[in-house]
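Below is one structure, written out as structure tokens, with a few remarks after it.
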Amino acid sequence: MMGLETIYESFGISEKVLGFGKRVEDSLKGRFKDIDERAEYNQLKVIKAMQDNRVSDIHFAATTGYGYNDLGRDTLEAVFASVFRAESALVRPQLISGTHALHIALSGNLRPGDELLSPNGKPYDTLEEVIGIRESAGSLKEYGVTYRQVDLLPDGTFDFENIKKAINEKTKLMTIQRSKGYATRPSFSVDQIGELIAFAKQIKPDLICMVDNCYGEFVETKEPTEVGADMAVGSLIKNPGGGLAPIGGYIVGRKDCIDRASYRLSAPGLGKEVGASLGLNQSFFQGLFLAPTVVAGALKGAVFAANVYEKLGFSVVPNGTEERHDIIQSITFGNPEGVIAFCQGIQAAAPVDSFVTPEPWDMPGYDSPVIMAAGAFVQGSSIELSADAPIKPPYAVYFQGGLTWYHAKLGILISLQKLCDAGI
Ligand SMILES: *Cc1c(COP(=O)(O)O)cnc(C)c1O
């Protein structure tokens, strides 16, 4: 422990807060061991995929223009397909975010007259305009795709009976959201998703089952494409980019589904054959290589935060002992001061922009002021340590990421110190 207390002290962390953190950490050895074992498995899975696809340094070369014969891009996609045990993959800097990747997967595979089904209630906020749940120019609704949703049961599980009723001759695609995102329901395990897909395909074998995999990658040792999902979709500035991808999204799954998505991303007839990688391939490969351990660090931070704040009497989701299915942690403070102090603590721990003090502001599209803490190398990257909260009851903060466990730990300890200093 040589000097450890002293260096924590240089961040303003008191002996009391540090001691409390240490007792919580000591109680989590078993949990951390499980997280490490999963990371070890996933690390080997990624290395095996890279070896099987003969990744070589020629794959890091930049292409420009049309990007014909971009060997690096094609090999990266083969590696993603292997990691996700899928037939094909689209992994591109031209997929500019998770929302964009989801939009391409949906609009590439749905046609006028088709119906889209969400079996987990309202999907992630940004998809509302993609689908047309909120009126929006260019939505699927404008293209004649109808939408139906089945809400979750009060205990947060799938309502199989009503899902069965909702599937009709028009239902073409079911979109399942693995992570709760910023909702209050539980996140789903890969096995729960598999069960739902098996159930739905019994009713309609040709139903395309897509999973919004954001925040879920590498949390378990299996991905949704291993339990029947026809497509899984996510962002490279979350888990699978390992913090190194500066942009990008992915769609993995059945070859015909990926091909249709690719015709939507580029153009009919062009598909996957074009799209220069602009020198980003090395970051994508290396980020994927690091992703399993990065996700493990983020998970340790989430479990640590849950236990720290649960012991102090705050309500936390997931709770301190629950199995994890994504990297998001929510903590309910019940008052604006708690939320603000927490976010300011996360910011103060950042390697970038630690000197700024986040304040609540009226962000476009939100009905209450929002506070956000992020000191990230990549703008908006939420695999990096970040926290955000709407300033409204129940005054809950959503916290995620951390490229290393030590950084996540520092952020949580500083946040706790700020709360103590503010007398909360
Ligand atoms: C982050 C997220 C998205 C959207 O991703 P962006 O990259 O922010 O557009 C979609 N679904 C879920 C569950 C997410 O967590």
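Read the numbers this way: they start at 1 and go in the same order the structure lists the ligands and their atoms. Side-chain atoms are counted along with the backbone in the values below, which use heavy atoms only and exclude waters and symmetry mates.
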Select one of side chain, backbone, both or neither to describe which atoms of [X] lie under 4.0 Å from any atom of ligand 1, heavy atoms only.
X      : answer
Lys238 : side chain
Thr99  : both
Gln177 : side chain

> Does an N or O from Tyr215, backbone or side chain, lie closer than 3.5 Å to an N or O of ligand 1?
Replying inline: no

> Short N/O distance, under 3.5 Å, between Gly98 and ligand 1?
Replying inline: yes

>> Are Phe188 and Phe158 an aromatic pair, judged by ring center distance below 6.0 Å?
In response: yes

>> Using the ring centroid of each side chain, check whether Tyr309 and Phe342 are separated by less than 6.0 Å.
In response: yes

> Is the backbone of Ser97 close enough, under 3.5 Å, to the side chain of Thr99 for a donor and an acceptor to pair up by distance?
Replying inline: no

> What do you reckon, does Leu127 put a non-hydrogen atom under 4.0 Å from ligand 1?
Replying inline: no

> Which residue, Asp74, Leu71, Val79, Asp70, forms the side chain to side chain contact (heavy atoms under 4.5 Å, CB included) with His59?
Replying inline: Leu71

> Only one of Ile133, Leu117, Leu140 forms a side chain to side chain contact (heavy atoms under 4.5 Å, CB included) with Tyr147, so which one is it?
Replying inline: Ile133

>> Between Lys238 and Glu217, does any side-chain N to carboxylate O distance fall below 4.0 Å?
In response: no

>> Taking Arg254 first and then Glu87, would you say they form a salt bridge - that is, a charged N and a carboxylate O separated by under 4.0 Å?
In response: no

>> Taking 4.0 angstrom as the limit and counting only heavy atoms of Leu102, give me the atoms of ligand 1 inside it, by number and element.
In response: 10 (C)

> Can you list the ligand 1 atoms lying under 4.0 Å from a non-hydrogen atom of Ser97?
Replying inline: 7 (O), 9 (O)

> Of the protein's non-hydrogen atoms, which lies at the shortest distance from atom 13 (C) of ligand 1, and what is that distance?
Replying inline: Asp212 OD2, 3.5 Å

